[in-house]
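Shown next, in structure tokens, is the structure this report addresses.
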Amino acid sequence: MARVKRGVTSHAKHKKVYKAAKGYRGRRKNTIRAAKPAVEKAGQYAFRDRKRKKRTFRALWIQRLNAAVRPFGMTYSVFINGLSKSGIMVDRKVLSDLAIHEPAAFQAIAEKAKAALEKTALAA
């Protein structure tokens, strides 16, 4: 039985790790013992932060909407309640974008939401 030398496969595995560790500081970029856990941890952070990014953006949109509806005498929660009562189904991302780039269109939506709230208040 011939002896199997594993240098080629080891080098290939290490090469993959080194490529992922490119740009790291110190021994983390060129020593397998330091690079492997660094790359692993970076992957964990990347996975976690892909989820967190969605939360962060939603929070940003909500803050923008809250600031945008204040001049109309509403808060964010009152505005969203008015939207649901008026039957307007637009997500927060689009509403935030409208508030920034199309103030006239956003104003029309805000007024419809306010009117729907007043209508339900009168009915009650």
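When a residue number appears, it is its place in the shown sequence, counting from 1.
- Residue Ile100 is not grouped with residue Val69 when hydrophobic side chains (ILVMFWY) are merged at heavy-atom distances under 4.5 angstrom, including chains of intermediate members.
- For Asn81, there are no side chain to side chain donor-acceptor pair (under 3.5 Å) partners two or more places apart in sequence or in a different chain.
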Problem set entry | Criterion side-chain contact (heavy atoms from CB on, under 4.5 Å) on Leu95 and Leu83, from CA distance to verdict | CA-CA 11 Å; Leu95 284 169; Leu83 282 180; 3.5 Å; yes
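- Residues satisfying the side chain to side chain donor-acceptor pair (under 3.5 Å) test with Tyr76, not counting sequence neighbours, are Arg92.
- Rounded to the nearest 0.5 angstrom, Met89 CE and Ser84 OG are separated by 9.0 Å.
- Taking OG1 of Thr75 as the start and CZ of Arg70 as the end, the distance is 6.0 Å to the nearest 0.5 Å.
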Side-chain donor-acceptor pairs of residues 4-27 under 3.5 Å, sequence neighbours excluded:
unit_1	atom_1	unit_2	atom_2	d
Thr9	OG1	Arg6	O	3.0
Ser10	OG	Arg6	O	3.2
His11	ND1	Gly7	O	3.1
Tyr18	OH	Ile32	N	3.3

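- Here the closest non-hydrogen pair linking Pro71 and Ala68 is CD-O, 3.3 Å.
- Under a 3.5 Å cut-off, the side chain of Asp91 and the backbone N or O of Val94 do form a donor-acceptor pair.
- Shown here are the side chain to side chain donor-acceptor pair (under 3.5 Å) partners of Glu118, two or more places apart in sequence or in another chain: there are none.
- Residues Ile88 and Ile80 share a single hydrophobic cluster, defined by chaining ILVMFWY side chains whose heavy atoms lie under 4.5 Å apart.
- Between Lys112 and Ser86, the shortest heavy-atom distance links the atoms O-CB, 4.1 Å.
- Note: the hydrophobic cluster containing Val90 does not contain Trp61 (ILVMFWY, side chain heavy atoms under 4.5 Å, direct or indirect links).
- Atoms CG and OG, from Asn66 and Ser96 in turn, are 11.5 Å apart once rounded to the nearest 0.5 Å.
- For the residue pair Arg28 and Ala34, the shortest heavy atom distance occurs at CA-CB, 4.0 Å.
- Judged as a ring-ring contact (aromatic ring centres under 6.0 Å, His included), the pairs with a partner in residues 77-110 (not counting sequence neighbours) are, in order, Phe79-Phe106.
- Residues Phe72 and Ile62 are members of one and the same hydrophobic cluster, defined by side-chain heavy-atom contacts under 4.5 angstrom among Ile, Leu, Val, Met, Phe, Trp and Tyr.
- Contacts of Gln107 classified as side chain to side chain donor-acceptor pair (under 3.5 Å), with partners at least two apart in sequence or in another chain: Glu111.
- Looking only at distances, no side-chain donor or acceptor of Lys93 sits under 3.5 Å from a matching main-chain atom of Arg58.
- Lys53 forms no cation-pi arrangement with Phe57, by the criterion of a distance under 6.0 Å to the ring centre and an angle within 45° of the ring axis.
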For this session: Kindly determine whether Leu117 and Val78 satisfy side-chain contact (heavy atoms from CB on, under 4.5 Å), including the steps that lead there.
Result: CA-CA 8 Å; Leu117 285 170; Val78 170; 3.3 Å; yes
